[in-house]
Structure formats: structure tokens, C-alpha cells
Amino acid sequence: MAELGFLLRENTSVVVLIFGLVATFFVAQAWMTGQASGARAEESGEVVRFGAYDNYASGGLMVFVSVRTAEGRLLGLIASPDSLADCRIGSRIRLVRRGAILAVAPRGCVPSSST
């Protein structure tokens, strides 16, 4: 037991650093959980552009859409190709907000009757 006390006294900065990192992890985890909770709110935006990039980690193509919200903010959101199937540039797109997290609704755009 005396050896443990010696190690702790000699390495106080390392012990404090490890404790700080563990505490930071738990605080960040609690904050992220709080951001995704809350009531689901429907919003809408306007499609500005589409894009895609190769995601080597998942072995597939990641699709994103740039959306201008009702407040005028321009956001880039990752979405599934199925949720963007009926979307065109200038289309209204449905968005879902939970806390601070904004995502494309499962059926993002309503098909226009003129196509």
C-alpha cells in the first residue's frame, strides 16, 4: 500500500490528468444525450444543393443536402438517398428537430404534381 501512495505522490499531475479526462468524457456524454432528447418538432427548409462523398469507413457513398432554413441559415445535412428521392433544387424539404439536433425527415420532399 505504501508503494501506491508513493506512485500517486510522484505522479500527481498524471493522476489529475486522467481524472480530468474521465470527468470530461462523462460530462460530454451527458451533454450529447441531452441534445438529442426533447420533443420532436417538424420544420421545413429549401433545398439549395446536393452532394456526395465516398465514406471509406462504411464502404459506401454518403449523400448530403444543403438546406436553407426558415431563419435563413444554410446547413449541410447527411441524408439517405431514399429520403431525397423526390427532392430537386428549390424544393421544400421536411426537417425534424430533437433538441439541438436537426435531421432530414424520412420522406424529405413531397413529390411535385407537375413532374
Side-chain angles (χ1 to χ4, degrees):
M1 194 59 135
E3 295 170 5
L4 179 62
F6 173 76
L7 287 174
L8 291 176
R9 275 192 304 277
E10 291 297 314
N11 299 309
T12 304
S13 60
V14 173
V15 171
V16 169
L17 177 67
I18 290 172
F19 180 75
L21 288 173
V22 169
T24 301
F25 171 77
F26 283 112
V27 168
Q29 189 71 19
W31 182 78
M32 289 298 290
T33 303
Q35 294 298 307
S37 66
R40 177 182 162 144
E42 300 276 334
E43 296 184 21
S44 68
E46 179 186 355
V47 175
V48 176
R49 72 181 182 100
F50 299 97
Y53 62 91
D54 197 6
N55 185 351
Y56 296 109
S58 70
L61 200 62
M62 297 295 292
V63 180
F64 67 89
V65 60
S66 293
V67 176
R68 184 170 318 279
T69 64
E71 297 87 30
R73 293 183 302 149
L74 189 62
L75 303 173
L77 302 172
I78 295 174
S80 71
D82 291 338
S83 66
L84 300 176
D86 296 316
C87 293
R88 307 286 179 264
I89 293 176
S91 297
R92 299 303 300 167
I93 188 167
R94 284 180 268 181
L95 307 170
V96 177
R97 179 177 298 280
R98 281 191 181 270
I101 308 231
L102 190 64
V104 176
R107 187 157 176 229
C109 295
V110 178
S112 68
S113 58
S114 62
T115 55

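In what follows, residues are counted from 1 in the order of the sequence shown.
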Discussion item. Check for me, please, whether Val22 and Phe25 land in the same ILVMFWY cluster - side-chain distances under 4.5 Å, paths through other members count.
Written reply: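 Linked within one cluster.
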Practice prompt. Could you state whether Ile101 and Val65 fall into the same hydrophobic cluster, counting links through intermediate Ile, Leu, Val, Met, Phe, Trp or Tyr residues with side-chain heavy atoms under 4.5 angstrom apart?
Written response: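 No, because Ile101 and Val65 fall into different hydrophobic clusters, even though each may have its own neighbours under 4.5 Å.
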Please name the pair of heavy atoms, one in [X] and one in [Y], separated by the smallest distance, quoted to 0.1 Å.
X      : Y     : answer
Gly45  : Val67 : CA-CG1, 3.8 Å
Pro106 : Ser83 : O-CB, 3.2 Å
Val48  : Leu74 : CG2-CD1, 3.7 Å

For a 4.5 angstrom cut-off between non-hydrogen side-chain atoms, does [X] reach [Y]?
X      : Y     : answer
Val96  : Glu42 : yes
Cys109 : Val47 : yes
Arg88  : Phe50 : no
Glu46  : Arg92 : yes
Tyr53  : Ile78 : yes

Discussion item. Rounded at 0.5 Å granularity, tell me how far CG in Leu17 sits from OG1 in Thr24.
Written reply: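 OG1 of Thr24 is found 9.5 Å from CG of Leu17.
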Worksheet item: If you measure from CG on Leu75 to OG on Ser66, what distance do you get to the nearest 0.5 Å?
Response: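 The CG atom of Leu75 sits 9.0 Å away from the OG atom of Ser66.
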Fill in: Sole residue of Ile93, Asp86, Leu84, Asp82 in side chain to side chain contact (heavy atoms under 4.5 Å, CB included) with Arg107
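For Arg107, the side chain to side chain contact (heavy atoms under 4.5 Å, CB included) test succeeds with only one of Ile93, Asp86, Leu84, Asp82, which is Asp86.
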